[in-house]
Enquirer: 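One structure follows; several queries about it will come next.
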Amino acid sequence: MTRQDRSPLPARAARPLVPALLCLLGFLAVYLVAVCTPFGQRTENSLIHENAGAEPAWIYGWSGAAYRSSAMPPLESTAMPTLLVGLAVIVCVTLVRRCWWHGLAATGTVVATVGAKELARTVLPRPDLVDARVSLVEASFPSGHVAIPAGLALGAVLVTSPRLRPYVTAAGMLWLAVTAGAVQATYHHRPSDVLGSTLLACACYGLAARLLPPSSAAADAHHPRTLTAVALAPAAIGALVTGARSDSVVPSLIFAAAAFLCAALLWCTTAREPVPSARRAPHRIAHPADPERAPTRQDRTAVRGPQP
């Protein structure tokens, strides 16, 4: 047995628990059920009151819908600046940590998420199957406002050091839940819109993580397998507060549930399968005639002969 035979096998990259293909299938399922069926359209349209606007939403003052109000990033006019600043931060972290492959994957995740959202909004129609009013016929699947925090949060997870990664993931989950709840409570988007954008971002992240070269797998070897469930509590509270409206209870709970599900999807996507420990060849008992066996004291004594 040579030294090469006893060396550990090359490191294998840790795979996301939720693969990209499963996220894409979920994206298509949400679109087909919620947008392309009369049942789905009636269900989501019933959540939006015809005579009520965005003002009863608890987050109305920070949503940018109020006159001369400051919009919470990335809502209203802050969407593009938020995207550009987020990409700049990812580039700076990549330069500081010199994690070139992870930085490229993070940038690709953000760009692919936003680009896929624009393509899907153009290609996927919203047919009027229930004779809805004009304000409900406009295509809104998937949500662009939710695609930005989802893509940036997942991109930040890729370039962050393993020690800070759980905290960055928790902050991204909270930001995503708050944004998803706000756009629903203000009647800018439906639950299927926010879920579709999140699934699209998770698919891009899964593909980018899958394409990372084996040489960069060592940086992910000590990545936390899963984030503690305590990190879901702030996301749940944020979804409940931002998805609430003062004129309805059941729709508010549905908006909050959809926003929390977006955060949970991000949590499951960033969790990794454990990387198996490096396997070594089994130890074997050395035979006295084995040329690779280390010489013992008795062997050296036999060669030198008896000492006087």
Enquirer: How about His102 and Thr94: do any of their side-chain heavy atoms sit closer than 4.5 Å?
Expert: no
Enquirer: Is a side-chain N or O of Thr107 found less than 3.5 angstrom from the main chain of Leu104, in a donor-acceptor match?
Expert: no
Enquirer: Less than 4.5 Å apart, any side-chain heavy atom of Leu195 and any of Cys262?
Expert: yes
Enquirer: Which residue pairs satisfy the side chain to side chain donor-acceptor pair (under 3.5 Å) criterion with at least one member in residues 143-163, sequence neighbours excluded?
Expert: Ser143-His189
Enquirer: Find out if a path of hydrophobic residues (ILVMFWY) with successive side-chain heavy-atom gaps under 4.5 Å connects Val159 to Val85.
Expert: yes
Enquirer: Membership question, hydrophobic clusters at under 4.5 Å side-chain separation (ILVMFWY): are Leu83 and Val111 in the same one?
Expert: no
Enquirer: Does the pair Lys117 and Thr113 meet the rule for a side-chain contact (heavy atoms from CB on, under 4.5 Å), with working shown?
Expert: CA-CA 6 Å; Lys117 183 271 303 179; Thr113 299; 5.7 Å; no
Enquirer: State yes or no: do Val114 and Val146 share one hydrophobic cluster built from I, L, V, M, F, W and Y residues joined by side-chain heavy-atom distances below 4.5 Å, directly or via other members?
Expert: no
Enquirer: Which heavy atom of Thr37 sits nearest a heavy atom of Leu32, and at what distance?
Expert: CG2-O, 3.2 Å
Enquirer: Tell me, do Val194 and Phe141 make a side-chain contact under 4.5 Å, heavy atoms counted?
Expert: no
Enquirer: Nearest 0.5 Å, what's the CG-CE distance between Leu176 and Met173?
Expert: 9.0 Å
Enquirer: If you look at every heavy atom in Ala139 and Arg121, which pair is closest and at what distance?
Expert: O-CD, 3.8 Å
Enquirer: Do Leu158 and Ile90 sit in one hydrophobic cluster, given that two such residues count as connected whenever their side-chain heavy atoms are within less than 4.5 Å of each other, even indirectly?
Expert: no
Enquirer: Could you tell me whether Arg98 atom CZ has more than 12 heavy atoms of other residues or ligands within 6.0 Å of it?
Expert: no
Enquirer: If you look at every heavy atom in Ala177 and Ala259, which pair is closest and at what distance?
Expert: O-CB, 3.4 Å
Enquirer: Hey, what do you get for CG (Leu199) to SG (Cys204), rounding to the nearest 0.5 Å?
Expert: 11.0 Å
Enquirer: Under a 3.5 Å threshold, yes or no: a donor from one side chain and an acceptor from the other, between Ser140 and Arg190?
Expert: yes
Enquirer: I'd like to know whether Phe260 forms a side-chain contact (heavy atoms from CB on, under 4.5 Å) with Leu240, so could you lay out the CA-CA distance, the side-chain angles of the two residues, the decisive distance to 0.1 Å, and finally the verdict.
Expert: CA-CA 8 Å; Phe260 177 74; Leu240 189 61; over 6 Å; no
Enquirer: So Asp193 and Ser197, do their side chains get closer than 4.5 Å, heavy atoms only?
Expert: no
Enquirer: I want to check something: taking the side chain as every heavy atom from C-beta on, are Arg165 and Val157 in contact at a cut-off of under 4.5 Å?
Expert: yes
Enquirer: What heavy-atom pair brings Leu212 and Ala105 nearest, and what distance separates the two atoms?
Expert: CD2-CB, 3.9 Å
Enquirer: Supply the atom-to-atom distance Ile237 CD1 to Leu232 CG, rounded to the nearest 0.5 angstrom.
Expert: 11.5 Å
Enquirer: Sorted by first residue and then second, give each ring-ring contact (aromatic ring centres under 6.0 Å, His included) pair with at least one member in residues 103-137; sequence neighbours left out.
Expert: none
Enquirer: Take Thr186 and Glu76 through the side-chain contact (heavy atoms from CB on, under 4.5 Å) test and state the conclusion after the steps.
Expert: CA-CA 12 Å; Thr186 54; Glu76 296 296 336; over 6 Å; no
Enquirer: Do Asn45 and Val130 pass the side-chain contact (heavy atoms from CB on, under 4.5 Å) test, and can you show the C-alpha distance, the side-chain angles, and the key distance before you say yes or no?
Expert: CA-CA 9 Å; Asn45 291 345; Val130 294; 3.7 Å; yes
Enquirer: Membership question, hydrophobic clusters at under 4.5 Å side-chain separation (ILVMFWY): are Leu136 and Tyr187 in the same one?
Expert: yes
Enquirer: Can you measure from CG (Leu207) to CG (Leu211) and round to the nearest 0.5 angstrom?
Expert: 4.5 Å
Enquirer: Whether the side chain of Arg245 engages the backbone of Ala185 through a donor-acceptor N/O pair (distance < 3.5 Å, no angle test) should be reported.
Expert: yes
Enquirer: Check the surroundings of atom CH2 in Trp58: do more than 12 heavy atoms from other residues, nucleotides or ligands lie under 6.0 Å from it?
Expert: no
Enquirer: Measuring only between side-chain heavy atoms, which start at C-beta, is Pro191 closer than 4.5 Å to Phe255?
Expert: yes
Enquirer: Just so I know, are the side chains of Leu124 and Val35 near enough to count as touching, which here means a heavy-atom distance under 4.5 Å?
Expert: no
Enquirer: Of the non-hydrogen atoms in Pro73 and Thr78, which two are nearest, and what is the gap between them?
Expert: CA-OG1, 3.4 Å
Enquirer: Closest approach of Cys202 and Thr269, non-hydrogen atoms and distance?
Expert: SG-OG1, 3.1 Å
Enquirer: With respect to Pro149, which candidate in Val178, Thr179, Leu174, Leu266 satisfies the side-chain contact (heavy atoms from CB on, under 4.5 Å) definition?
Expert: Thr179
Enquirer: Between Gln41 and Arg126, is there a donor-acceptor pair closer than 3.5 Å when you use the side chain of the first and the backbone of the second?
Expert: no
